[in-house]
Amino acid sequence: MKEKYYISTAIAYTSGKPHIGNTYEIVLADAIARYKRIKGYDVYFQTGTDEHGEKIEIKARENNVSPQEYVDGVAAEIKAIWDIMNTSYDRFIRTTDKNHEKQVQKIFKKLYEQDDIYKGTYEGLYCTPCESFFTENQLVDGKCPDCGRAVKQAKEEAYFFRLSKYQDRLMEHIKLHPEFIRPESRKKEMINNFLKPGLQDLCVSRTSFTWGIPVDFDPKHVVYVWIDALTNYITNIGYDVDGSSLEYKKYWPADLHLIGKDIIRFHTIYWPIILMALGEELPKQVFGHPWMLFGSDKMSKSKGNVIYADDLVKLFGVDAIRYYVLHEMPFANDGNITYDLVIERINSDLANILGNLVNRTISMAQKYFEGRVRNTNVYTSLDKSLLLEVGELAKKVDDKMDSLEVGAAIEEIFQVLRKSNKYIDETMPWILAKDETEKGRLETVIYNLLETIRVCATLLRPYLPDTAIKILNQLGTNDEDMEFKQDLIYCVNDPEPLFQRIDKIKKMEEINTFLSNKM
RNA sequence: GGCGAGAUAGCUCAGCUGGCUAGAGCGUUCGGUUCAUACCCGAAAGGUCGUGGGUUCGAUCCCCUCCCUCGCUACCA
């Protein structure tokens, strides 16, 4: 039986269209999911949208539509972008799904009945005109951050979760499972800022807005974000307080929750504690990935520097953008994206190193052998290092992927592609072609190249799915073994450029026109 | 303020528990080649490894001071 692998992204908040920074997460998850499938895992890959809350209620009002209509629109937009990015999620959950709502109510009730949740009062600084509570450090000059007027102490009835009851168990779990929170620095932040000082009880219901899942035994309350949003990971695969589905039993606990670094607290403190209270297993790993910055600024609409994934795809193509975000994002630090950098990466890596290698190799196979190439086994010492590197490639990629270093995994493959270009220069096929007695040697050289490219293309499938298929088609093979083989027989098709080189100046003009047309 | 991370070539970054002339990619300059998408290959230039101390036979890597950048510091998500 196949080993299961459950990976999730965070559910995207439907307050507006996600930019490339948000889109990075789904692409990263997709690369990992595709990789695991190739490795033979039974992968379940979930994503979706978080659709309740006050902010959405307000947005809907501003747009003169109902909250449901509003989230229907944004959720569709988000799903469309995920699809444009060619991501292979298995299921897309929305927190407005009926089953989710029902399960959340049951979970809330169960936690209440077992006294993990109790009714109390929420005390805080309240701005009456804005009808909102704020914390001390949200205030601007001691005044309401929204309207600038004075705030006052106020109380509101609310349900609370006794987090402190579980904090020792959670601390223990984090110590026993060093892989639970990644990267490491995030773990320290959680321990030092929250666990060590002691957890405060968490407010889990609201009465100040209505766009949420009602608490069924106390309907003036709606379930506040935590229990609503976080439980998506289990409700959608069949968790049920009264007995969960077989699917749930098969896939839970999740192997990896991939999330942005901004929501680590919810996933490494609140979520595990909710699960402990329910008596369920904890996810194996939570990875808080870094952010994608535009230049050195965080993207925001007010700065006017927002880049959307669908626009980038229109301008550069889906695999180019997948490549950029996967390759350029560091493991722990924030990465950045500019049009200049995207163009440089496409030209140097995709067009020159990869595209041109495939093109020149296939051209030679056509020119010297009418496209039909087999291994004639005429080796020389020049072949040694290339064959050694291809031989080790799958293992190296595997190691990097295991530690979620996706960019480094891709780099390993490109290392071999670079090596292949060098190999052509060293073996000089065009010289061999002039000497009839070197025909056998020439064919071995071309074979080594074709086979190396096949291995690389196969390994590139998780990152550049369309391009990988194109390469394999040009090679005329459907062999997707990740090891170098000695005995394939190639009958290649006509070469066709994979990525056009981009003229930076012309492209920038095109981009400016494109953006000004959108305004 | 507290806690945490980081500061290495023009740019983006590698450098495991201290040890050969500090590395890679991109960019720049020069040279080579022609199978190929003016591509590819090679070479060079370019770093007092943030500051000032200390430990050591020896420190980019350990300790301390200082300077700077960034993140977290609980109910927006």
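Chain A is the first sequence line, chain B the second, and so forth, proteins listed ahead of strands; every chain is numbered from 1.
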TODO: Quick one: the dot-bracket string of RNA chain B, using Watson-Crick and G-U wobble pairs with both distances under 3.5 Å, [ ] for crossing pairs and | for bases paired to another strand.
DONE: ((((((...((((.....[...)))).(((((.......))))).....(.(((..]....))).).))))))....
Task: Distance in Å, Asp349(A) CG paired with Leu417(A) CG, rounded so as to fall on 0.5 Å steps - done: 9.5 Å
Task: Whole angstrom value for the distance that separates C1' of rA14(B) from NE2 of His327(A) - done: 12 Å
Listed pairs, N/O of protein and of nucleotides 2-9 of chain B, under 3.5 Å:
from	atom 1	to	atom 2	distance (Å)
rG2(B)	N2	Asn193(A)	OD1	2.9
rC3(B)	O2'	Asn192(A)	ND2	2.6
rA5(B)	OP1	Lys188(A)	NZ	3.2

- [ ] Please work out which of the three classes, parallel, tilted or perpendicular, describes the rings of His327(A) and Tyr323(A), given edges at 30° and 60°.
- [x] parallel
TODO: Could you list by number each residue of residues 357-376 of chain A showing a heavy-atom separation from RNA chain B of less than 4.0 Å, or answer none if no residue does?
DONE: Asn359(A), Arg360(A), Ser363(A), Met364(A), Lys367(A), Tyr368(A)
Open item on the list: Once side chain to side chain contact (heavy atoms under 4.5 Å, CB included) is applied, do any residues pair with Asp399(A), and if so which ones, sequence neighbours excluded?
Closed with: Lys395(A)
Open item on the list: With the threshold set at under 4.0 Å for non-hydrogen atoms, list the residues of residues 420-432 of chain A touching RNA chain B in residue-number order.
Closed with: Asn421(A), Lys422(A), Ile424(A), Asp425(A), Trp430(A)
Task: Six-ring centre of Tyr224(A), Arg206(A) cation under 6.0 angstrom, axis tolerance 45° - done: yes
Task: Sidechain N-carboxylate O distance under 4.0 Å for Lys507(A), Asp340(A) - done: no
TODO: State yes or no: are the ring centers of Tyr159(A) and His221(A) separated by less than 6.0 Å?
DONE: yes
Task: More than 12 heavy atoms of other groups within 6.0 Å of Lys504(A) NZ - done: yes
Open item on the list: Between the side chains of Lys59(A) and Glu54(A), is the shortest nitrogen-to-carboxylate-oxygen separation below 4.0 Å, so that they form an ion pair?
Closed with: no
Open item on the list: Could you check whether Lys419(A) makes a cation-pi contact with Phe414(A), meaning its NZ or CZ is under 6.0 Å from the centre of the six-membered ring and within 45° of the ring axis?
Closed with: no
Task: Pairing residues for His100(A) by the ring-ring contact (aromatic ring centres under 6.0 Å, His included) criterion, not counting sequence neighbours - done: none
What are the atom names and distances for every N/O pair under 3.5 Å that joins the protein to nucleotides 60-63 of chain B?
none

Open item on the list: How about CD on Glu436(A), more than 12 heavy atoms from neighbouring residues, nucleotides or ligands closer than 6.0 Å, or not?
Closed with: no
Are there any protein N/O atoms within less than 3.5 Å of an N/O atom in nucleotides 23-28 of chain B, and if so, which ones and at what distance?
none

Open item on the list: Between Asp435(A) and Arg441(A) (salt bridge meaning N to carboxylate O under 4.0 Å), is one present in this structure?
Closed with: no
Open item on the list: Taking atom CD1 as the centre, does Ile505(A) end up with more than 12 heavy-atom neighbours from other residues, nucleotides or ligands that are less than 6.0 angstrom away?
Closed with: no
Open item on the list: Which label fits Tyr24(A) and His289(A): parallel for a plane angle under 30°, tilted from 30 to 60°, or perpendicular past 60°?
Closed with: perpendicular
Task: Pairing residues for Phe180(A) by the ring-ring contact (aromatic ring centres under 6.0 Å, His included) criterion, not counting sequence neighbours - done: His173(A)
Task: Interface with RNA chain B, restricted to residues 444-454 of chain A and to heavy atoms under 4.0 Å - done: none
TODO: Mind running side chain to side chain contact (heavy atoms under 4.5 Å, CB included) on Arg501(A) and Asn352(A) for me, showing each step along the way?
DONE: CA-CA 8 Å; Arg501(A) 275 184 67 79; Asn352(A) 296 350; 2.7 Å; yes
Could you pull out every donor-acceptor pair under 3.5 Å between side chains of residues 262-269 of chain A and any protein atom, sequence neighbours left out?
from	atom 1	to	atom 2	distance (Å)
Arg265(A)	NE	Tyr270(A)	OH	3.2
His267(A)	ND1	Ile263(A)	O	3.1
His267(A)	NE2	Tyr233(A)	OH	2.8
Thr268(A)	OG1	Ile264(A)	O	2.8

- [ ] With Leu450(A) as reference, evaluate Ile446(A), Asn448(A), Thr452(A) under the side chain to side chain contact (heavy atoms under 4.5 Å, CB included) test and give the passing residue.
- [x] Ile446(A)
Write out a two-atom table: protein N or O, nucleotide N or O from nucleotides 44-46 of chain B, distance below 3.5 Å.
none

